[in-house]
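Data first, discussion second: the structure below is written as structure tokens.
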Amino acid sequence: MDQRSVSSVIAGRPVTGAPGGRIQSANPARLHEVVADVALGDAALLVTAARAARDAQQAWADVPAPVRGRAIAHIGRLVEDNKEALAKLVTREIGKPYPEALGEVQEIIDTCDFFLGEGRRLYGQTVPSEMPDKQLFTFRNPVGTVAVITAGNFPVAVPSWYIVPALLCGNTVVWKPAEYSAAAAAAMHELFVRGGGLPPGVFNVVYADGPTTFAGLEQALDAGLIDKVGFTGSSEVGAAIGGLAGRHLQSACLELGGKNPMVVTANADIDLAVEGALFGGFGTAGQRCTSLGTVICHESVHDEFLTRFAEATTAAPVGDPFADVLYGPMIDIKFAERFEQFLGWIGPHHKVMGSSGIGRITAANPRAGFAGDPAAGIFCHPTIVDGVRPGDEIFDGETFGPLVGVTTYRTLDQAVELANAPGYGLSSSIYTSDATEAFRFRRGVSAGMVSVNNSTSGAEAHLPFGGNGKSGNGSRQSGQWVLDQFTKWQALNWDYSGRLQKAQMDVAELTPDRDFRL
Ligand code: UN1
């Protein structure tokens, strides 16, 4: 299998040397297979990249928006022409099952499809003035230079949610992808630069570890080289990045963790709910920010749901992500190690189901029907934990990995309270055949995204994506809503009366007859 050599690219030139050291990005399904040898940068390199982006920004903003839209169109086409190759690389590097990886690449194409037309819109408004011979207008201006820092569970789709609209709006970009998905990142970067014919400095990529990135970002912000930060990752790091941006009077675009609830009501279609819980909870080995956290089941259907959910989970194929499986490996060893800690939260009052073991799947701790050799990679058993309740770490905290909690409720108000209790607010779902329940849940739940009779994951690429509470600061990505992240409104008033007309003062007023009564 081919092994790539990956290094940062700044102002169109690959960076030589590795001031931050070198790491190897391995295939998590076959750890002996190195996918990329990655040269990491240091904080100074991030600052250099920000300066290159700053230098290129004005000329990029001067390219007419419809022309930038055409660049996005060409990027989308080139990604489409390379869909299988990029998806294969995603599967090899982070272990996402191949059909899901194809879906991930499709999400880039969909994002380009949406924004190619935005180049010909990017509408401002004409607004009437309160005075004659005066006209008001609004314009969307690019924010300037954008730093995008992304996780590796969606190594190409989620970055495109930032990068495509940022470029379209006339910003230049420094992208810091996850180190463990560097090969997929490098491929995407090349497709974007070549496909879009992007001038040097418009789209830069820097590989670096987390602390180095934070230090470099701080220096770049201090130097006035970055105008906007986009970050997808943990709530903890998101809070630190949000704080850093805030100190520079900026608001970051944050897409953070989730503890996404699924309510199964008394009148739910149980088969559908089980299917949704299986995909939402264990698809991508539970490593989506939208993955199902806790099933909140009406007490009258709890036993039936749990039995069927456990059966379906026990029977689900796990293993080689190129085989026909529900899920493959953990995306990186650090996620497997953290997942084992989450499993330590299981207490004596919990009932564990879903597999023949818990934790790492090995020859000594096997999983029936496993596809491939578990010892070759980092695979974990799916785990259902029944009887979770507020105050349990496993109920309150995000458990990134193949783990789903189950609890019960009696009234819909209780279900909403349980759904909101962990304090996250990314995605949520309700299975019901009662429209009133669906709308009451929508109104009460704190999540930015709500599914009815659908799982918590699998949002379409042109609806607002984002969360509240510990899941984000209310920023939204995708569709028209993300334009407010990457543009600043400018208001223009133009007085052609030839005299100074003072707002609020030199305004004509018609005389109403306030004493009139019928
Ligand atoms: C993420 O896990 O960061 O809605 C994003 C979904 C995907 C995106 C997930 N379209 O599950």
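Numbering starts at 1 and runs along the sequence shown. Counting convention: from 1, in listed order, for ligands and their atoms alike.
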**Asked** Taking both backbone and side-chain atoms of C289, is any N or O found less than 3.5 Å from an N or O belonging to ligand 1?
**Response** yes
**Prompt:** W161 near ligand 1, heavy-atom distance under 4.0 Å?
**Reply:** yes
**Asked** Can you check whether F400 and F339 have ring centres sitting under 6.0 Å from each other?
**Response** no
**Request:** Give yes if a backbone or side-chain nitrogen or oxygen of F465 is under 3.5 Å from a nitrogen or oxygen of ligand 1, and no if not.
**Result:** no
**Prompt:** Judged by non-hydrogen atoms, does E460 sit under 4.0 Å from ligand 1?
**Reply:** no
**Asked** What is the nearest protein non-hydrogen atom to atom 6 (C) of ligand 1, stated with its residue, atom name and distance?
**Response** G458 N, 3.2 Å
**Message:** For the 3.5 Å polar cut-off, considering only N or O atoms, please tell me whether S457 and ligand 1 meet it.
**Reply:** no
**Prompt:** N/O of A459 under 3.5 Å from N/O of ligand 1, yes or no?
**Reply:** yes
**Asked** Ring centroid separation for F335 and Y180, is it under 6.0 angstrom?
**Response** yes
**Prompt:** Among protein heavy atoms, which sits nearest to atom 10 (N) of ligand 1, and what does the distance come to when rounded to 0.1 Å?
**Reply:** E107 OE2, 3.1 Å
**Message:** Any atom of ligand 1 sitting under 4.0 Å from a heavy atom of Q287?
**Reply:** no
**Asked** Any side-chain donor-acceptor pair under 3.5 Å between S446 and N420?
**Response** yes
**Prompt:** Aromatic rings Y98 and F322: how do their planes relate, parallel, tilted or perpendicular, breaks at 30° and 60°?
**Reply:** tilted
**Asked** For ligand 1, is there an N or O atom under 3.5 Å from any N or O atom of T232?
**Response** no
